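In what follows, a structure is listed as structure tokens, so that the remarks can point back to it.
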2 protein chains.
Amino acid sequence: MLKISELAGRIGLSTHTIRFYEKHGLIEASERSESGYRLYSAADVNRAAFVKTARNIGFSLEDIAQLLSIRLDRSSHSCQEVTDITRNKLHEVSRKMAELKAMQKVLSRLLDNCDGGLEKATHCSILEVLDNGGLAATGGVN
Amino acid sequence: MLKISELAGRIGLSTHTIRFYEKHGLIEASERSESGYRLYSAADVNRAAFVKTARNIGFSLEDIAQLLSIRLDRSSHSCQEVTDITRNKLHEVSRKMAELKAMQKVLSRLLDNCDGGLEKATHCSILEVLDNGGLAATGGVN
DNA sequence: GTTGACCTTAGAGTTACCTCTAAGCTTATA
DNA sequence: TATAAGCTTAGAGGTAACTCTAAGGTCAAC
């Protein structure tokens, strides 16, 4: 049985974060010492590592809570439930990527059209674009 | 002079958001009516539109505060200051994109390796990957 | 003159995920 | 035995950008 800081070192989370995850039902210590210290079994460690891995991949705490409840009783759940969570996450990621791509495009174009020199910003093309409501007004394709 | 809801309608922000931006120094009403209502001049409207445009592009409120202070006194600032802000934002966006790409890759591979059928999740390959610390353990390239 | 829409303020609540603090007990080391 | 490291709890603080509420004043229309 590991104490909280040992678990923390083992899986690479702070003790703070482990208690935080516990409060949200993601990690639990199956025992307590006489003095009240959390004690983690091998199964607890595996569960914590599962959480860490899922978090690294990018699943939200809520996603992970769902995945854990499936993991806890695999035979009561279908494989589809797992792929649904994964697919939703993938869609979310793709949506965010599209947003970022749009931002990237605009920012690049702003930089392309601007000298960026040490001269005064009196005629800075970036400020002008922002003043004129966006790139469309300065000949951007959109 | 426009009242707050007129400004809101004009630029596409809620009155709540306008007051919030005001509290953070981004938007201001150059006058008040006798009864204390905010009154926005044409210059105020332009400034608010600038904020909205910059926000749409993805600049943070802090970025926008800097851009506004440059805009307010262009001749005391260099064009480079503006491009620096823009370039930093672009780097931030690129960094986030890279993170999301990594997530996308992992999620796609998880889905590829999994049936996702209605059968029980007893041998769900996604859960197995999460249990085993990530894709590396299942033959992923990394 | 009374609805009802709109305005004011300060301040709390939201989302997601931590991160830290205080006050006090326990355990290990020297 | 003393001291330092580590554990406990409840709860506050932080970030970013809103979003909403309460309690009350104002304004235009019927």
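Within every chain, numbering begins at 1; the chains are lettered A, B, ... in the order of the sequence lines, protein sequences first and strands thereafter. These numbers come from a predicted model, not from an experiment.
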Is [X] close enough to [N] that one of its side-chain N or O atoms is under 4.0 Å from OP1 or OP2 there?
X        : N       : result
Ser14(A) : dC18(C) : no
Tyr21(A) : dC18(C) : yes
Thr15(B) : dC6(C)  : no
Ser35(B) : dC27(D) : yes
Arg38(A) : dC7(D)  : no

[X] [atom1]: over 12 foreign heavy atoms closer than 6.0 Å:
X         : atom1 : result
Glu119(B) : CD    : yes
His123(B) : NE2   : no
Arg95(A)  : CZ    : yes

Problem set entry | Asn46(A) side chain vs Ala43(A) backbone, donor-acceptor pair below 3.5 Å |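 Here the side-chain-to-backbone pair does not exist.
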Using whole Å, report how far [atom1] of [X] lies from [atom2] of [N].
X        : N       : atom1 : atom2 : value
Tyr40(A) : dG6(D)  : OH    : P     : 16 Å
Ile57(A) : dC17(C) : CD1   : P     : 15 Å
Ile4(B)  : dA5(C)  : CD1   : C1'   : 15 Å
Leu26(A) : dA16(C) : CG    : C1'   : 12 Å
Leu2(A)  : dT27(C) : CG    : C1'   : 17 Å

When you get a sec, tell me which of [options] is the closest nucleotide to the side chain of [X]?
X        : options                  : answer
Arg55(A) : dC17(C), dT19(D), dT8(D) : dC17(C)
Tyr37(B) : dC7(D), dT8(C), dT21(C)  : dT8(C)
Leu61(B) : dC18(D), dT8(D), dC17(C) : dC18(D)
Thr17(B) : dT19(C), dT19(D), dC7(C) : dT19(D)

For this session: Please figure out whether Glu34(A) or Phe20(A) has its closest DNA chain C nucleotide nearer the 5' end.
Result: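 The 5'-side residue here is Phe20(A).
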Problem set entry | Whichever of Glu62(B) and His16(B) has its nearest DNA chain D nucleotide further upstream toward 5' |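 Here Glu62(B) is the residue nearer the 5' end.
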Exercise. Which comes earlier along DNA chain D counting from the 5' end, the contact point of Gly58(B) or that of Lys23(A), where each point is its nearest nucleotide?
Worked result: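 Final value for this comparison: Lys23(A).
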Exercise. Which part of the nucleic acid does Ser33(B) contact within heavy-atom distance under 4.0 Å: base, sugar-phosphate only, or nothing?
Worked result: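 It contacts nothing in the nucleic acid.
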Exercise. Counting any heavy atom closer than 4.0 Å, what does Arg19(A) reach on the DNA or RNA strands: base, sugar-phosphate only, or nothing?
Worked result: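 Arg19(A): base contact, heavy atoms under 4.0 Å.
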Exercise. Any Lys/Arg nitrogen of Lys89(B) or Glu92(B) sitting under 4.0 Å from an Asp/Glu carboxylate oxygen of the other?
Worked result: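 Salt bridge between Lys89(B) and Glu92(B), a charged N being under 4.0 Å from a carboxylate O: yes.
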